[in-house]
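What follows is one structure encoded as structure tokens, with my remarks underneath.
Quick note: numbers below take in every heavy atom, side chains included, and nothing from hydrogens, waters or symmetry partners. Keep in mind the model is a prediction, meaning the values are calculated, not measured. Throughout, a chain's letter reflects where its sequence line sits, starting with A, and its residues are numbered from 1.
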Amino acid sequence: MALLTNQRSRRRSGARRRSARHDAATAERGSGRPRRRLGRLVVWVLLVGLSLLYAYPFFWMVMTSLTLRENIFAQQIVPDPVAWVNYAELFENSLIWDWLLNSVIITGTQVVVGTFVSILIAYGFARFEFPGRRVLFIVLLATMMLPIHITIVPLFVMFRDWGWLDTLLPFVVPPFLGEAAFSGGAFGIFLLRQFMMTLPRELDEAAKLDGAGSWRTLWLILVPLCKPAIATVAVFAFLGTWNDFFAPFILLTSPEKLTMAVGMQFYKTDEASEVHLLMGMGVLNILPIVLVFFVAQKYFVRGIALTGLKG
Amino acid sequence: MALAVDTGSGSGTGTGGPRRAPVKTRLRRWTGLLYISPWIAGLLIFTAYPFAYSFYLSFTDWKGIGAKNFVGVDNYTSMFTDDPLFMKSVWNTAYYTIISVPGGMILAFFLALLLNQRVRFMPIFRVAFYLPSVTIGVATAVLWIHILGPDGAFNDLLGLFGIRGPNWFASETWAMPGLILMSFWGIGQNMIIYLAALQSVPQDLYDAAEIDGANSVQRTRHVTFPMITPAIFLTLILGIINSFQTFTVALIVTNGGPNDATTFVLLHIYNNAFRYFQLGYASAMAWVLFLLMLVFTLIQFGLARRWVFYQGEVTR
């Protein structure tokens, strides 16, 4: 149960209380009513069956990516021999290195710079009075609901006029302005601002009395307390950028300028005999997400539970 | 945890009298604006300007180069009169939404109920259901082309029950059901939302219902369901918005085919804008899609009063 947050651990203790009460109740009635045991069994069978169904596509993907070309039609469930050589073959294609690098640059900028700037903006909204703040905050909320498909045509034209098409600039510049131009930067600002609002103002006042300016107050007092929210925002920035397809697909064209998600298409052929390489590319696309997921699971779950925002 | 959307109050700086703001407060004003200034610049350049420009373009016949001729509302009328594919794409999107959104919600709710039982290895099951939804993208779309291929794993599974599965994505009839099946694989986020909601229902309510003699079905109907209606409402709103914007799977898996059976509105907009360079027309369709989303969301909020139960507090 490592992925539970504080707030949930309260619930957990609630569950424990509940279960103690329940145990007492069953003890009174005579333990293990057959109907209840049958119910448990049904739940178990359903969970095991359904989770296998949900996991199988991943299993098939990994297994196929490790199957030798000549064994693809051999209907092996687990490949024999295990063909790591497929991955070597993938990495012989120098384009993959370009795509990886591009994806890392775009995602890294969004995660590091985007999150950093979001903290500043959230701080401005959470802790300062200025004319028009109310209206600007409502505008911020409204941009969260604005679909990208409305702005993509003008953005395309604008980037064309600026000579930004087929470069990484449309992806690495907006984060400096707190915009994840294509995956909703407003969400991160909103989430951080909400979190900062829950922190007592006395902290700021105390820091001010000690002579700290607003900048030092932010980094020495607020940011350490906001770490969980910052982690959530960073995780969502990673997810939204790494897997993004719509914008890179439209704005990037040269083979060496693509990202991993868009480059994947190059392996999507109609020839079934290449499916092992295609699935290898799929694994390379998904693996970073899975790794981040297991490292930062609680931030995924919290982000979703907080807002239900799609990644 | 409820996020109270509070736009103004509770913000006094603690300094300054009622009549004349001291220098310090005036300085703090500028500090605040300074902190949000990157966002204001970003808003103007990457959101507000394109948003307004898109509206303008939707009344022109611009092809991306050359003159922008003002054509009034021609774009808006011709999508309903001269472009049968637009109407078909609206129908396709509606078909997908009507089945995949409620279906996915029911399935997610069912999984959340299962996970809410105190079972062993619950974290493992949760990951199995949740992980697909965070990986959704090009890679999983390509994966599902093969899972739902004529000799794919899904048809093998059907074969176990003696059913001969169709060639999903090559069939005009089955391509859309195939995409809907795929969408059921990515419901983990809804499931997590429901699970969080289920776990926050106070035990006291169940105890009280039990004392009143309610059985488990009645408890689910009269305690659990009303208490989690806010979560259901949230997933409904987000589900419809996302579904209206289906693009990647339609492009990657079927590219709108066969015979336009899976041309979604957004795919049609994309084709017009970036394949045929009908930028004016594409902008008009984008606006219609946006207004449709807006109207549906507002209707949902209007209906919500009748069935969504907020427990006296400000939620979300």
Problem - chain B contacts, top residue of A:D204, A:L177, A:L120 (heavy-atom pairs, under 4.5 Å) - result: A:L177
Exercise for the section: Give, as side chain, backbone, both or neither, the part of A:L284 having an atom under 4.5 angstrom from any heavy atom of chain B. Expected result: neither
Fill in the blank from the handout: Counting heavy-atom pairs under 4.5 angstrom with chain B, the leader among A:N285, A:V173, A:V117, A:V43 is A:V43
Problem - Heavy-atom proximity to chain A below 4.5 Å, by part of B:I187 - result: side chain
Exercise for the section: Flag the one option from B:L114, B:L115, B:L294 with the top tally of heavy-atom pairs under 4.5 Å to chain A. Expected result: B:L114
Problem - Side chains of A:Q297 and B:Y130 in contact at under 4.5 Å (non-hydrogen atoms) - result: no
Completion exercise
Comparing A:S51, A:G124, A:G282 against chain B, the one with the most heavy-atom pairs below 4.5 Å turns out to be A:S51
Practice task
Establish, yes or no, whether a centroid distance under 6.0 Å links the rings of B:F233 and B:F301.
Solution key: yes
Handout entry: Interchain contact, B:F121 with chain A, by part (heavy-atom threshold 4.5 Å)
Key = side chain
Problem - Per-residue contact mode, B:F244 against chain A (heavy atom under 4.5 angstrom) - result: neither
Practice task
Specify which of B:F290, B:W185, B:F247 makes the most heavy-atom pairs with chain A at under 4.5 Å.
Solution key: B:W185
Completion exercise
Pair count under 4.5 Å, heavy atoms only, with chain A: among B:L131, B:L157, B:T235, highest is B:L131
Practice task
Please say whether more than 12 non-hydrogen atoms of neighbouring residues, nucleotides or ligands are located less than 6.0 Å from CD1 in B:I65.
Solution key: no
Handout entry: Validation row: B:Y49, A:P154 side chains within 4.5 angstrom (heavy atoms)
Key = no
Practice task
Could you tell me how the ring of A:Y123 sits relative to the ring of A:F128: parallel (under 30°), tilted (30 to 60°) or perpendicular (over 60°)?
Solution key: perpendicular
Handout entry: Greatest number of heavy atom pairs closer than 4.5 Å to chain B - which of A:I250, A:L46, A:I286, A:V157
Key = A:I250
Fill in the blank from the handout: Of the listed B:D151, B:L266, B:I252, the one with the largest count of heavy-atom pairs under 4.5 Å with chain A is B:I252
Exercise for the section: Determine the interplanar angle of the B:W287 and B:F55 rings, folded into 0 to 90°, and report it as parallel if under 30°, tilted if 30 to 60°, perpendicular if over 60°. Expected result: perpendicular
Handout entry: Portion of B:I241 that has a non-hydrogen atom of chain A nearer than 4.5 angstrom
Key = neither
Practice task
Tell me, for A:F293 versus chain B, whether the close heavy atoms (under 4.5 Å) come from the side chain, the backbone, both or neither.
Solution key: side chain
Handout entry: Close side-chain approach of B:F129 and B:I192, heavy atoms under 4.5 Å
Key = no
Handout entry: Most chain B-contacting option - heavy-atom pairs closer than 4.5 Å, from A:L52, A:L218, A:N243, A:V262
Key = A:N243
Problem - Any side-chain heavy-atom pair of B:M182 and B:F169 under 4.5 Å - result: yes
Exercise for the section: Grab the two heavy atoms, one from A:R193 and one from A:A122, that are nearest each other, plus how far apart they are. Expected result: N-CB, 3.6 Å
Practice task
Let me know if A:I289 has heavy atoms under 4.5 Å from chain B in its side chain, its backbone, both or neither.
Solution key: side chain
Exercise for the section: Walk me through it: do A:Q265 and A:F249 pass the test side chain to side chain contact (heavy atoms under 4.5 Å, CB included)? Expected result: CA-CA 10 Å; A:Q265 289 200 110; A:F249 175 68; 3.5 Å; yes
Exercise for the section: Answer with side chain, backbone, both or neither: which region of B:Y270 has an atom nearer than 4.5 Å to a non-hydrogen atom of chain A? Expected result: side chain
Completion exercise
Turns out that what part of B:M293 lies under 4.5 Å from chain A's heavy atoms comes down to side chain
Fill in the blank from the handout: Highest number of heavy-atom pairs under 4.5 Å with chain B among A:Y56, A:F176, A:W242, A:F156 belongs to A:F156
Handout entry: Under 4.5 Å from a heavy atom of chain A, the part of B:L34 involved
Key = neither
Completion exercise
Turns out that what part of B:L143 lies under 4.5 Å from chain A's heavy atoms comes down to both
Problem - Structural part of B:L107 lying under 4.5 Å from a heavy atom of chain A - result: side chain
Completion exercise
Minimal heavy-atom distance between A:F190 and A:M144, with the atoms involved, is CB-SD, 3.9 Å
Problem - Enclosure of B:Y53 OH (heavy-atom neighbours >12, cutoff 6.0 Å) - result: yes
Handout entry: chain A contact via B:S54 - which portion, at a heavy-atom distance below 4.5 Å
Key = both
Exercise for the section: Please look at A:M61 and chain B and tell me whether the side chain, the backbone, both or neither of the residue comes under 4.5 angstrom of a heavy atom of that chain. Expected result: both
Problem - Minimum heavy-atom distance A:R127-A:M197, with the two atoms named - result: NH1-CA, 4.4 Å
Practice task
Starting from the C-alpha separation in whole Å, work towards a yes-or-no answer on side chain to side chain contact (heavy atoms under 4.5 Å, CB included) for B:W62 and B:S283.
Solution key: CA-CA 10 Å; B:W62 201 38; B:S283 298; over 6 Å; no
Practice task
Kindly indicate whether the side chain of B:F264, heavy atoms from C-beta on, has any atom under 4.5 Å from the side chain of B:V249.
Solution key: no
Fill in the blank from the handout: Greatest number of non-hydrogen atom pairs under 4.5 angstrom with chain A, of B:I40, B:T297, B:L251, falls to B:L251
